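To keep things clear, I will list the structure first and then write my remarks on it.
Computed from a predicted model, the values in this text were never measured in an experiment. First the proteins, then the strands, lettered A, B, ... as listed; each starts at 1.
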Amino acid sequence: MSPGARPVRVRYAPSPTGDPHVGNIRTAIWAWLFARHTGGTFLVRLEDTDQTREVPGSLERILDALHWLGIDWDEGPDIGGPHAPYIQSQRLPGYRAAAERLLETRAAYRCFCTAERLAEMRKAQQAAGEPPGYDGLCRARPAEEAAARAAAGEAHVVRFAMRDEGRTAFEDLLRGEITVENRHFDDFVILKSDGFPTYHLAHVVDDEVMAISHITRGDEWLPSAPRHVRIFDALGYERPVFVHTPVILGPDGGKLSKRHGAKSVLEYAEDGYVPAALFNFLAILGWALDDKTELFTRERLVEVFDIAKVSVNPATFDTQKLEWMNGVYLREMPEAELTALFAERLERDLPPAVPRPVDRELVRALTPLVRERVKLLGEVTALVDFFFADDVPTPAAEEFLGSKRWRDDVAGAVAGLGASAATVEGVATWSAAAIEAAMRATAERLAVRAGDLFTLCRVAVTGKRVAPPLFESMEIVGREPVVRRLRAAAEALRATA
RNA sequence: GCCCCUAUCGUCUAGUGGCCCAGGACGCCACCCUUUCAAGGUGGAAACACGGGUUCGAUUCCCGUUGGGGGCACCA
């Protein structure tokens, strides 16, 4: 074996059992980066050898997620390639032939044990405190007898003769040599009674056919890697280099999965993360270039990514950091691009009463006001909805009186709103700067702290206590609606007094 | 239970025998800026799991303990 001697060819090999979650997709990102960095080939292969677990539409959604993240592939189920098929259920004869060869060399044998016997065996093992595993009953059966029974149509599986007195050693790129004693393994199934191969056989055959140079996959495969090594050897295949990347842990410390807070990549898109941010975040979750760089463009990552520097420890998925990073991407994005993303969101999330298409000029105007206030695209609508309505429902009195200044001075608040309405109505030039100047003067005249007065106006005009900057917002909303909202607020407050 | 992997701030990490009384980032706290909220700026608290070795010298090498994760299907 001469690791690394072959051109780099790596694959992302999901099974169609649901949406691709982030733990899974990080493996794809690293494999992709590895391939692109080395000028190698990245391919996608569907591992659908378990008919019972198949979830319709999975493949499409997996490919969608990849596309969304900007990951492309050179060969795959949708585009084919020189080593097609890239869907395992379409290579059944190949797996059977491989099993056949293993049978011939006695590396594998037919097993006729029924599910019932297996269950009883396990029960007995458990009772006796023995490690679970196939006891090898059928291994002793003469091959001729087994072949005859199989020819007669008797249901059976094919097992690989794994258990013996020896040991299996292999090299993992990240951890060095790993050695395990074969007695810790049982004779595992490589061909199921339905004629489908198990993962163990299928991926070995495919990796050979597709000339995979490095098996990049999750850490959860490490314990069964010796099985795969043995199959590669028994079939006379060249062993790829193994690269077992660590799993990602959920907030509860368990392996990230549906049960442990894993979300589909598509959900992140839904929440308003941008692909570049998720990509960046995932790429550096468990990998680092140096002691300071965290923000990378995709191109930069391709340039500097070194798979040998991937951490061997499982990492906890830190949603807060992801959010921060997404905010950074939003802030640094070209404004026109952000405007387009905002428009798309608003189009979707604004109340149906707002006419479509959403006013693009308006979105363009408000973008600079909120770009620093949004970490997720999904937050934008709630922040700017008041721009899109003629009037804003006047918030409850507590919203106005919440601050210490106005709590016991409703009359003052009413007066402040009234004065503000008059001021705004009379501003000569309708610009944020002019409005602010006039409003500050009004505050001074009323002997009220500017901030206190502005708070009242903010609630009246935006309907919120937390909102984009007041005067810029007023400018965009327009004089007439602003005056109307201020008057309505004064009126409503007076009524509660 | 058995097997495998693993161990630096709460989290992600830099660190490959002396440059480290350990650096960066997120988060947290304080202050500044300020019309709210953000953003931004400044400062701060915060880690080498433990015990043995090896060495003139260990965060770095070895062994053990403990902790964490993963795996033990006719699932991948």
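Regarding contacts with the backbone of B:A39, every side-chain N or O of A:R371 stays at 4.0 angstrom or more from both OP1 and OP2. For A:N313 and B:U6, the shortest distance from a side-chain N or O to OP1 or OP2 is not below 4.0 Å.
As rounded to whole Å, 5 Å separates atom P of B:C26 from atom CH2 of A:W324. Atom pair A:W406:CH2 and B:U35:P shows a separation of 16 Å (rounding to whole Å applied). Taking atom CG on A:D291 and atom C1' on B:C19, their separation rounds to 13 Å, with Å as the unit. Separating the CZ atom of A:F296 from the P atom of B:A25 is a distance of 14 Å, rounded to the nearest angstrom. Atom CD of A:E372 is separated from atom P of B:U35 by 16 Å (rounded to the nearest Å). A straight line from CD of A:E323 to C1' of B:A25 spans 16 Å, rounded to a whole angstrom. A:L453 has its CG atom 13 Å from the P atom of B:U36, to the nearest Å. In this structure, NZ of A:K321 is placed 10 Å from P of B:C12, rounded to the nearest angstrom.
In the displayed structure, A:E154 atom CD is contacted under 6.0 Å by more than 12 heavy atoms of other residues, nucleotides or ligands. In the displayed structure, A:E177 atom CD is contacted under 6.0 Å by more than 12 heavy atoms of other residues, nucleotides or ligands.
Among residue pairs with one or both ends in residues 241-255 of chain A, those qualifying as side-chain hydrogen bond (donor to acceptor under 3.5 Å, both in side chains) are A:D172-A:H244, A:R217-A:H244, A:D252-A:H260; sequence neighbours excluded.
Pair assignment for B:U65 gives B:A49, based on Watson-Crick or G-U wobble hydrogen-bonding distances that are each under 3.5 Å. With a cut-off of 3.5 Å on both pairing distances, the Watson-Crick or G-U wobble partner of B:C26 is B:G10. Nucleotide B:G1: paired with B:C72 (Watson-Crick or G-U wobble, both distances less than 3.5 Å).
Ranking B:U11, B:U6, B:G15 by closeness to the A:T316 side chain, first place goes to B:U11. Distance from the side chain of A:R373 is smallest to B:U36 among B:U13, B:U36, B:U35.
The cationic atom of A:K464 (NZ for Lys, CZ for Arg) does not lie both less than 6.0 Å from the six-membered ring centre of A:F386 and within 45° of the ring axis. Cation-pi geometry between A:R227 and A:F188 is met: under 6.0 angstrom from the ring centre, within 45 degrees of the axis. Both cation-pi conditions hold for A:R298 and A:F279: the charged atom is under 6.0 angstrom from the six-membered ring centre and inside a 45 degree cone around its axis. For the pair A:R149 and A:F112, the cation-pi test (distance below 6.0 Å, angle within 45°) is passed.
Judged by distance alone with a 3.5 Å cut-off, a donor-acceptor contact links the side chain of A:R458 to the base of B:U35.
Separating the P atom of B:C5 from that of B:G40 is a span of 43 Å, rounded to the nearest Å.
Among the heavy atoms of the strands lying under 4.0 Å from A:I284 are primed sugar atoms or P, OP1, OP2 only; no base atom is included.
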- Message: Output one letter per nucleotide in nucleotides 68-76 of chain B: B when a protein non-hydrogen atom lies under 4.0 Å from the base, S when only the sugar-phosphate is that close, - when neither is.
- Response: -SBS--BBB
